[in-house]
Engineer: 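Pasting a structure below so you can have a look.
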Amino acid sequence: MATKATQAAKAMAGKALKTAQAARTAQAARASRTSGASGPSDYDAIIVGGGHNGLTAAAYLARSGARTLVLEARPKTGGAATTEAPWPDAPEFKVTRLSYVMSLLPPTIINDLQLQKHGYKIYPMGPYYQAFPEGGSIKLYADDAKRNHDEVSKWSKQDADAMPRWDAWLAGLADVLGPLLLTVPPNLGSRKPRDLQETLRLAWRHRGLDVRTIADVTRLMSMSIADLLDDWFESPQVKGALAVNGVIGTWAGPYEPGTAYVMAHHSIGDVGDGHLGNWGFQEGGMGAVADAIANAARENGAEIRTDARVSRILLNNGRAAGVELENGQQLTAKVVVSSLHPRTAFLDHVGRANLPDDFVTDIEHWKTRSGVVKINLALAELPDFTADPGTNLQEHHTGSVEMAPTMPYIEQAFQDARNGLPAVRPFSDGVIPTAFDKTLVPEGYHIMSLFTQWVPSDWNEAPHTEELQAYADRMIDCYNEVAPNFKSSIIHTDIVGPYQMEHDYGLIGGNIFHGELSLEQLFHMRPAPGFADYRTPVPGLYYASSATHAGGGVCGIPGMQAAKAALADRRAAVRSLRRR
Ligand SMILES: Cc1cc2nc3c(=O)[nH]c(=O)nc-3n(C[C@H](O)[C@H](O)[C@H](O)COP(=O)(O)OP(=O)(O)OC[C@H]3O[C@@H](n4cnc5c(N)ncnc54)[C@H](O)[C@@H]3O)c2cc1C
């Protein structure tokens, strides 16, 4: 028996060797065709990654007539914009597993891609709501100054009077920063005529800014959210409420410089109705946003393949020439757009040897931590808050249902994690999308999504399953203190920590934006100085990930800009050919 088995094993090994040799020969033949460069390409454009940015790039390229292919590693598209049914025994419950609210997708993209026709439908969120463990609650309304004044007066008359000035101040800054989101960052310091022209154009556009506005922008970019709020408000409750946006997805507590800008990044969005900083729920969850973009791409002729993991980008004389899939298949294209995390896109797929040393160093130094844990819950009934009783749907269930009572509370959660421990009392940006969206659950049930922080920044290196469960239990206990039915109302729990974010979704380091929104990684530095214009050191390779300017968030801007850069270069090449 043993001899027969050994012979069979040898025969199989010999066959496998021959098959592998044949595959290698075929691959070499394909590779030599690729390096020949004269033959027609399989596609005009290949997009690596079918997250919402990759899909946006595909939609724009396909719209221009390019034969476009999207390659997505997972069985479904959407990346971090995904609606899933995480409980196999309860498939009728769906959650927006990672990202959970919309605000940053500009009307330009919504209109260009006709996303409403493809299912893009937003329910504007209700107020910000925090119930306090010591009793009482606060609600903040995005666009109702009178009710805001009444609510804030419960905690501080002075803060209530300051609130309209704060809103106006933020609106003024949004007028400056908002258009910058759609601006291609200039290559600051470059002496090339095109770069100088872009820098001058940006300076000219902002020539109207006065000394005060520039000072305000400087403050916003450099201050901590805590210092900024201390300048404006006195009550811990109001400051806690306004601090949350400064630390979302950030490996920094509210006392760290730069967090004021993170607050602005999350406050200048617009769901398309012109309201500053308004957030909303997509019907069908965030996956439906990605689906709408995918449908727009398909309608324009793009092909989308799932279960198609790319393993490297093919180069021909230093130019991008296509991709190789994990299964060895090679596909050629004149334009390749990667929408993956910079370490994957450049260090793994292009390779250090094919990139300038400075650029490699910049990508190696790219900061990509956040210590976020997403907790998705199926609830049998709505939270019954002691401060605002009742399990019937009320206004305070319709917005963000927070557990971030004060800045010191938030800071302590960060300090725990910085000291190598999961937060004892984590903070949470909670939402109940089923307050509006009935497509996610059976009648009478609800989904609650808790975006929580922090666990230690190295929890992307191991699953930490039991510790994550204990962390989630503590998070639930915090809500239970203010809504005593909370714990008993939970029928299913789904916990996604940094390890799963990295391994299942490609979010390296567990950072939710493909890289931190810290000052040294913004605008012309995102993802590296000299390459913030959605182009890369490799001609023909464009970059569309959230690690470029205006990312992260479900905003589609990197995807749109990368496609526009590729199309602009193609037009320039055609012009120059005609001139010859
Ligand atoms: C927990 C969490 C909460 C968030 N909350 C919000 C929110 O409420 N609102 C908001 O606006 N933003 C939020 N964000 C951020 C936002 O979701 C991301 O910035 C955005 O979705 C990233 O989009 P992307 O297309 O750039 O990248 P991704 O969504 O990461 O897409 C990249 C795609 O590439 C695929 N891929 C990876 N490797 C390969 C390979 N080798 N070959 C082929 N394909 C590959 C991945 O599977 C993925 O589909 C959140 C993120 C997280 C993680």
Side-chain angles (χ1 to χ4, degrees), residues 76 78 81-102 119-131 137 139 141-142 271 278-292 373-403 426 428-452 469 472-496:
K76 69 195 285 291
T82 180
T83 305
E84 296 177 23
W87 303 292
D89 52 340
E92 64 281 22
F93 286 90
K94 296 182 212 77
V95 301
T96 57
R97 202 152 190 228
L98 297 171
S99 59
Y100 50 108
V101 276
M102 287 301 293
Y120 181 75
K121 178 178 175 189
I122 301 292
Y123 297 102
M125 282 172 77
Y128 168 101
Y129 176 70
Q130 170 73 54
S137 67
K139 295 188 201 89
Y141 298 86
V271 288
N278 270 11
W279 288 80
F281 301 113
Q282 162 70 36
E283 185 173 84
M286 297 295 278
V289 177
D291 288 347
V373 178
K374 184 76 192 303
I375 304 171
N376 301 302
L377 304 170
L379 305 179
E381 62 181 1
L382 286 167
D384 184 2
F385 290 96
T386 310
D388 300 273
T391 57
N392 53 318
L393 180 62
Q394 297 172 64
E395 194 184 29
H396 61 270
H397 295 121
T398 63
S400 43
V401 185
E402 304 293 272
M403 184 44 65
S428 160
D429 186 38
V431 291
I432 307 176
T434 45
F436 301 98
D437 183 359
K438 307 298 175 201
T439 68
L440 298 173
V441 283
E443 178 70 32
Y445 291 89
H446 285 280
I447 290 297
M448 187 160 180
S449 147
L450 308 181
F451 179 95
T452 77
Q469 182 63 58
D473 289 345
R474 292 198 297 279
M475 184 78 258
I476 289 164
D477 285 343
C478 292
Y479 275 105
N480 211 61
E481 285 172 20
V482 294
N485 74 330
F486 190 61
K487 208 170 178 168
S488 61
S489 71
I490 298 170
I491 48 176
H492 299 289
T493 306
D494 169 51
I495 308 166
V496 188

Engineer: Which heavy atom of P91 sits nearest a heavy atom of A85, and at what distance?
Structural biologist: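 Heavy-atom minimum between the residues: O-CB, 3.7 Å.
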Engineer: Who pairs with E395 by side chain to side chain contact (heavy atoms under 4.5 Å, CB included), at least two apart in sequence or on another chain?
Structural biologist: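 For E395, the residues satisfying side chain to side chain contact (heavy atoms under 4.5 Å, CB included) (neighbours in sequence not counted) are P127, K139, Y141, R147, T398.
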Engineer: Taking ring pair (Phe, Tyr, Trp, His ring centres under 6.0 Å) as the definition, give me every residue that meets it alongside F486, ordered by chain and number, with sequence neighbours left out.
Structural biologist: Y479
Engineer: Compare all side-chain heavy atoms of M403 with those of V482 and state whether any distance is below 4.5 angstrom.
Structural biologist: yes
Engineer: Within this structure, what is the OH-CD distance for the pair Y445 and E92, rounded to the nearest 0.5 Å?
Structural biologist: 8.5 Å
Engineer: Do K94 and I447 have side-chain heavy atoms sitting under 4.5 Å apart?
Structural biologist: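 Of all side-chain heavy-atom pairs linking I447 with K94, none is under 4.5 Å.
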Engineer: Among residues at least two apart in sequence or on other chains, which ones pass ring pair (Phe, Tyr, Trp, His ring centres under 6.0 Å) with H446?
Structural biologist: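 Result, ring pair (Phe, Tyr, Trp, His ring centres under 6.0 Å) vs H446: none returned.
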Engineer: Got a second to check how far Q282's CD is from Y123's OH, nearest 0.5 Å?
Structural biologist: 9.0 Å
Engineer: With no hydrogens and no angle check, is any side-chain donor or acceptor of T83 less than 3.5 Å from a backbone partner on G284?
Structural biologist: yes
Engineer: Taking all non-hydrogen atoms of both residues into account, name the closest pair between G78 and A290 and its distance.
Structural biologist: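 For G78 versus A290, the nearest heavy atoms are CA-CB, 3.5 Å.
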Engineer: Do P433 and Y100 come close enough that some side-chain heavy atom pair is under 4.5 Å?
Structural biologist: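 When only atoms from C-beta onward are counted, Y100 and P433 do not touch, as no gap falls below 4.5 Å.
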Engineer: About how many Å separate CZ of F451 and CD of E402, when rounded to the nearest 0.5 Å?
Structural biologist: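 Atom-to-atom, E402:CD and F451:CZ are 11.0 Å apart.
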Engineer: Quick one: list whatever passes ring pair (Phe, Tyr, Trp, His ring centres under 6.0 Å) with H492, sequence neighbours left out.
Structural biologist: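 W87, F93.
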Engineer: Starting at CG of L393, measure out to CZ of F436 and round the result to the nearest 0.5 Å.
Structural biologist: 7.5 Å
Engineer: Are any of the side-chain heavy atoms of V431 and W279 separated by less than 4.5 Å?
Structural biologist: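 When only atoms from C-beta onward are counted, W279 and V431 do not touch, as no gap falls below 4.5 Å.
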Engineer: Indicate the atoms forming the closest heavy-atom contact of G430 with L450, along with that distance.
Structural biologist: CA-CD2, 4.0 Å
Engineer: Could you go through residues 374-383 and list every donor-acceptor pair under 3.5 Å that involves a side-chain atom there, pairing it with any protein atom two or more places apart or in another chain?
Structural biologist:
unit_1 : atom_1 : unit_2 : atom_2 : d
K374   : NZ     : T96    : O      : 2.8
K374   : NZ     : R97    : O      : 3.3
K374   : NZ     : L98    : O      : 2.9
K374   : NZ     : N376   : OD1    : 3.0
K374   : NZ     : S449   : OG     : 3.2
N376   : ND2    : R97    : O      : 3.3
N376   : ND2    : D494   : OD2    : 2.9
E381   : OE2    : N485   : ND2    : 3.0

Engineer: Roughly how far, to the nearest 0.5 Å, is CD of Q130 from CZ of F385?
Structural biologist: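 If I round to the nearest 0.5 Å, the distance is 8.5 Å.
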Engineer: Contact between F281 and I122 at the side-chain level, heavy atoms closer than 4.5 Å - yes or no?
Structural biologist: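 No, every pair of side-chain atoms sits at 4.5 Å or beyond.
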Engineer: Indicate the atoms forming the closest heavy-atom contact of S137 with A131, along with that distance.
Structural biologist: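 Minimum heavy-atom contact is CB-CA, 3.9 Å.
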Engineer: Measure the spacing between CD of E481 and NZ of K487 and express it to the nearest 0.5 Å.
Structural biologist: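 One gets 10.0 Å once the value is rounded to the nearest 0.5 Å.
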Engineer: Got a sec, which residues hit salt bridge (charged side-chain N to carboxylate O under 4.0 Å, His left out) with K438, two or more places apart in sequence or on another chain?
Structural biologist: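 Applying salt bridge (charged side-chain N to carboxylate O under 4.0 Å, His left out) to K438 gives none.
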Engineer: Would you indicate whether the side-chain heavy atoms of P389 and D384 approach each other to under 4.5 Å?
Structural biologist: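 A side-chain contact under 4.5 Å exists here.
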